[in-house]
Every structure is written in structure tokens, then in C-alpha cells.
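The sequence lines fix the lettering, A, B, ..., with proteins before strands; numbering per chain opens at 1.
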Amino acid sequence: MTASANTNPNSGATSGDVVTMDKIVALSKRRGFVFPSSEIYGGVGSTYDFGHYGVLLKGNVKNEWWRQMLQERDDIVAIDSAILQHPRVWEASGHLAGFTDPLVDCRTCGQRFRADHLAELACGRKPSKHPGETEECSLTEARDFNLMFETTIGPVKESGATAYLRPETAQGIFINFKNVLQFSRKRPPFGIAQVGKSFRNEITPGNFIFRTREFEQMEMEYFVPPDQAREWFDYWLKERERWYHELGIRPDHLRLRPHDADELSHYSSATSDVEYLFPPTSSNGAGLREGEPRWSELEGIANRGDFDLTRHAEFSGQKLEYFDQATGERYVPHVIEPAAGVDRATLAFLVDAYDEEFVEREGTGEGEKRTVLRLHPRLAPVKAAVLPLVSKDGQPELAREVHRAVRARVQAEYDEGGAIGRRYRRQDEIGTPFCLTIDHQSLTDRSVTLRDRDSLAQERIAIDGLAEEIERRVNAPWKTPKPA
RNA sequence: GCGGCGGUAGCUCAACGGUAGAGCCUUGCCCUUCCAAGGCAAUGACGCGGGUUCGAUUCCCGUCCGCCGCUCCA
């Protein structure tokens, strides 16, 4: 729970400490994971485009989430709801009211206040004053802060109906509760899961892809009998924590943090955050660091009670409840919601995997720094790279054959350009767990060397059955070699 | 949105009131070699707009973008 190992700037250059956000941003751009969006036009604040490896990595993160939610159990079904929904959805959810308060800023003290609550608010000055009451106060005009993106349905703006881009995927699940109940043959406890884009006009986006105005969520609403809500809440806390651990996040960099009473959302009776210990922004050569490591939220797990179904029942006039044939009971299920950020999880996996080490050149005592992403093989964008040692003597031809076989099973690359060491390092930087090198011996005995990303160890392995062997290794249990 | 700092090739840096230079990276060719150190060549930058000036990447203003703090959340 504590961050002692990483809050101490003098803790030395253990491999876990070298990462900074600057390095992640630079690597992301250098290797084509993530680019600032609209760059050729000067950029748009806090929007990002995912490049080739970023798409593969993020896709793997989502796949792993689906694996836990769908493949490994039979009480959760999937849905993919529309981004544009009926405006009443957001009245019922509370977003339209809660997201549109007029606010004023004070230019003197820098604080922000609800414009309609000035008379009751204290502005922090002594003796206690209301905002605007003292001579130094310099309040701005009241402005509407609508955190939802607004658009118009219909091509003529003036005559169209106002609609909102969804600020969360959860509501798309609640409004489909009836549909799913009818067609999925499920009864509580059961869940509905969704992955998709959401949009919020954040006041202060930033921290790379950590907080953006357009982001992707992985949300699951788990509907349970009211008297079981607490136990399922605890269950999902553990399940979600296990998910991060199994995908290689170092346990001492992950924690569950229960919300205080005053932090709770309007809809929640209990919420815990899954937090990751993110590194500082940058560090200079002298070991001084700008910013401190900071616990930040990857995921919120909330007990939403019956708030959502009750509200939608009220606003829509539809019955949103479950009738238990066995007991003759009719009730509104309570909801446990693990709501995770895809981009945040992806960033955390990148950060946690980042490592640098010194590789000595044989016998010289000198060497090079190696940058490597120690990603769980299942998360790695590319599972295997096929490399002919030299690009002649029939090696490229055999390598192409191996590549064709391997890529039939897993994401694989072929590369014959430049020195072999350089190609290994390129693969290290994108986290490829296995490099398959074709050499002169390969041509006579149909074997390759398999080079391990983390240990650099090489072993000789037969080409026949190679693709299956790679697939087996990718799916084997894995633990990060990085020290805690 | 407010306050502080910053913006020169993909990256790390340099110089300068007289139209920018290096290393690394990348690409091509040669070499053929199991961990980025070989040879030859090439691509490539003053965030954007305005002002001062004979002349602005340099000085001034605005704007955009980024980082740090306030606030919010996945």
C-alpha cells in the first residue's frame, strides 16, 4: 500500500525506477504506439492517435478484459450500444443536471464556485467571506460548464434535436436491461459488459493519454439481488485486482483505495478505485525528479445500488425489475460496476513494462543501454519476429517460410534489414517476447534459435511445430522479471 | 478556465538581428556478422499569425501546443 520504494529519489537505479512519463511518451512516438493527434495542424489539445503497435497493444488489453468477463465465465453477456442515445437517458442518469452547473472563477484566489450557491459558499478568506464579498475578489461572468459534448441529430442545426455524445458506456447497458433479461436466459446474479468510446469535455485534460476528452471504457454492470450487493462488491474488487496481477502489473504498484464518504458519486453507496503508481514526469541526469510518483485511478468499482434501474424506470415508464419464479419475489436488482479505462490500463501496462538495462559487449567491459518492454506475452503487440541472420544464402527464403507458419497462429513480423543486434533491440522496444533467428545451420537441420526477450537466452528449436510452440509459450502463465 | 515555465530535424542538443550545424534514428546501396560501435549516400527543423527592422529563428504582442499547480473523473 505504500510507495516507499518509489517515492525515495535516492533509491538508486534499480530497473523499476528508471521509467518516467517523458520516456514513455518518447518511446510511444518513436515506435509508433501513440501520436499527438492533428500534429500537422499544430495539434488539438489532449487528443491522441494510436499507431500500429498501439492498436495491437490496446486491442490485446481489451481482449484480456473480454477474456475475464466472457470467456472464463458464463454469467456475463456482451453488448455494444449506440454512442448517441435519447437525451432523456442523460436526464435519468443525472448527467444533464450534474454536468451543467454555471460556474464562476475568482481571478484573485483562483478558486471556482457554483454561481447559484455564492451566498452559501465561503471563499476561504478570513474572516470567512462569501465569494465576491471582499474588494480583492474578482469574479468572472458565470459560465456554463457542460461536460457533455453536444451535437444535433439532423443535418440542419437549427431544426435538429439536441443530442449528447455519451459520457459513459454504463447507461447503454441499463437501457438494455429489459432486452438482455428477455433474450439472454440469465437471472441475477448476472452481468452485461461493454467496451467503447466515451466523451467528456474535461476542464483539465492531460498527462498524456491518462485523461483525454475522448476515451475508451470497459464497463460491466453486474445485477444482483439487493441482499447480495455487498458480497458481490467485494468479489469484483478481488477479481479485478487479480486481472491486473495476472497480466504482470507489479503488485506493489497497484492498490485498491476505498472512497471516503464525501468522494462518493450521487449514485453510489460504496466505491473503491484500482490505482496504479505512475512515475514522475521526467528526471535529469543528477537523479533529480520533476514531480513525484503518484497513485492514479485506473478503474472505479462501485456499488450503484438500484439507482440506475429505478431512475430509468421512472423516466421511461417501463418496469425494470426482476421477477423470481422460484420465490415469487419481484425486485429491482442492485448493480456492482467495475468501470475501467482502456487507455489508462494500456498506459499502466506500458509504464510497468518499461525497463532499461546495461548489456555488456563481450569481454570489453563496455556496452550499450538496452530499452525493453517487459510486457506479458499476451499483451505484447507482436509475439514473434522472424529474422534471417544474413540476407543471402537462402536464409531469407527459409525465414519467409517460418514467418508464414508462425503468423498463421500469432501476430508476427519478418525483418531482414541491418545487423542482427539492431533488429533484436528494435523488437525489445516494442516488447516482442520471442525472436526466431534463421542461420546457416537452419538450412541443414530445419531448426532456429529462439531468443528470449527478458533473459536474452537462446535455445535451438525445430521449425516443425514451431508455431504451436510459440503459441503455447505466449499463453503460459507469466510473471514479470522486474524486481518489485 | 486561472497562475508559473517552455517550444530549433523523428530524438538529444548547438549557433545567430544577416535565410541554421552535429550526433543518434530512419531510408537506399556495399559488407555478412547472434545482441544497436563497418563503408558510401540520402531524407529531414526554427509551432502559427502579426509587429519593430533594410533584414526576425533571434526582439515585442497575440495565438496554439506541452509541462507543473488548482479542479474533475475511466
Taking only side-chain N and O atoms of [X], does any of them lie within less than 4.0 angstrom of OP1 or OP2 on [N]?
{"X": "R422(A)", "N": "rC25(B)", "result": "yes"}
{"X": "R294(A)", "N": "rG69(B)", "result": "yes"}
{"X": "R425(A)", "N": "rC25(B)", "result": "no"}
{"X": "R453(A)", "N": "rC35(B)", "result": "no"}

Given atom [atom1] of [X] and atom [atom2] of [N], what is their separation to the nearest angstrom?
{"X": "F215(A)", "N": "rC73(B)", "atom1": "CZ", "atom2": "C1'", "answer": "8 Å"}
{"X": "E168(A)", "N": "rA74(B)", "atom1": "CD", "atom2": "P", "answer": "7 Å"}
{"X": "R304(A)", "N": "rA74(B)", "atom1": "CZ", "atom2": "C1'", "answer": "12 Å"}
{"X": "R200(A)", "N": "rG1(B)", "atom1": "CZ", "atom2": "C1'", "answer": "19 Å"}
{"X": "E299(A)", "N": "rA74(B)", "atom1": "CD", "atom2": "P", "answer": "11 Å"}
{"X": "R423(A)", "N": "rC34(B)", "atom1": "CZ", "atom2": "P", "answer": "11 Å"}
{"X": "F210(A)", "N": "rU71(B)", "atom1": "CZ", "atom2": "C1'", "answer": "14 Å"}
{"X": "E275(A)", "N": "rC73(B)", "atom1": "CD", "atom2": "P", "answer": "14 Å"}

Exercise. Name all stems that contain residues of RNA chain B, defined as runs of 3 or more consecutive Watson-Crick or G-U wobble pairs, both distances under 3.5 Å.
Key: B:1-7 with B:64-70, B:10-13 with B:21-24, B:26-30 with B:38-42, B:47-51 with B:59-63
On the side chain of [X], is there an atom forming a donor-acceptor pair with the base of [N] - under 3.5 Å, no angle test?
{"X": "R211(A)", "N": "rC72(B)", "result": "yes"}
{"X": "R31(A)", "N": "rC25(B)", "result": "no"}
{"X": "R426(A)", "N": "rA36(B)", "result": "no"}

Between [N] and [M], how far apart are the two [atom1] atoms, rounded to whole Å?
{"N": "rG6(B)", "M": "rU57(B)", "atom1": "C1'", "value": "16 Å"}
{"N": "rA56(B)", "M": "rC35(B)", "atom1": "C1'", "value": "49 Å"}
{"N": "rU52(B)", "M": "rG17(B)", "atom1": "C1'", "value": "12 Å"}

Exercise. Assign each of I420(A) and A26(A) to its nearest nucleotide of RNA chain B by heavy atoms, then name whichever residue's nucleotide is nearer the 5' end.
Key: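 Taking each residue's closest nucleotide, the earlier one in sequence belongs to A26(A).
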Exercise. Name the residue closer to the 5' end of RNA chain B, choosing between R30(A) and Q217(A) according to the nucleotide with the nearest heavy atom.
Key: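 The residue whose closest nucleotide sits nearer the 5' end is R30(A).
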Quiz item: Which pairs, with at least one residue in residues 58-68 of chain A and sequence neighbours excluded, count as a salt bridge (Lys or Arg N to Asp or Glu O under 4.0 Å)?
Solution: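 Sorted pair list: K58(A)-E216(A), K58(A)-D343(A), K62(A)-E216(A), E64(A)-R67(A), E64(A)-R378(A).
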Taking the six-membered ring for Trp, are the ring centroids of [X] and [Y] within less than 6.0 Å of each other?
{"X": "Y235(A)", "Y": "F233(A)", "result": "no"}
{"X": "F199(A)", "Y": "Y164(A)", "result": "no"}
{"X": "Y222(A)", "Y": "W236(A)", "result": "yes"}

Practice problem: Please round to the nearest 0.5 Å and tell me the distance separating atom CD1 of I420(A) and atom CG of D415(A). | Solution: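 I420(A) CD1 to D415(A) CG: 8.5 Å, rounded to 0.5 Å.
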Quiz prompt | Pairwise distance CD1(I336(A)) to CZ(R304(A)) - rounded to 0.5 angstrom | solution = 11.0 Å
Exercise. List the atom of S442(A), the atom of S447(A), and the distance in Å for their closest heavy-atom pair.
Key: OG-O, 2.7 Å
Quiz item: Choosing from rU32(B), rG10(B), rC73(B), which nucleotide comes nearest the side chain of K29(A)?
Solution: rG10(B)
Exercise. Tell me yes or no: between the side chains of D22(A) and T20(A), is some donor less than 3.5 Å from an acceptor?
Key: no
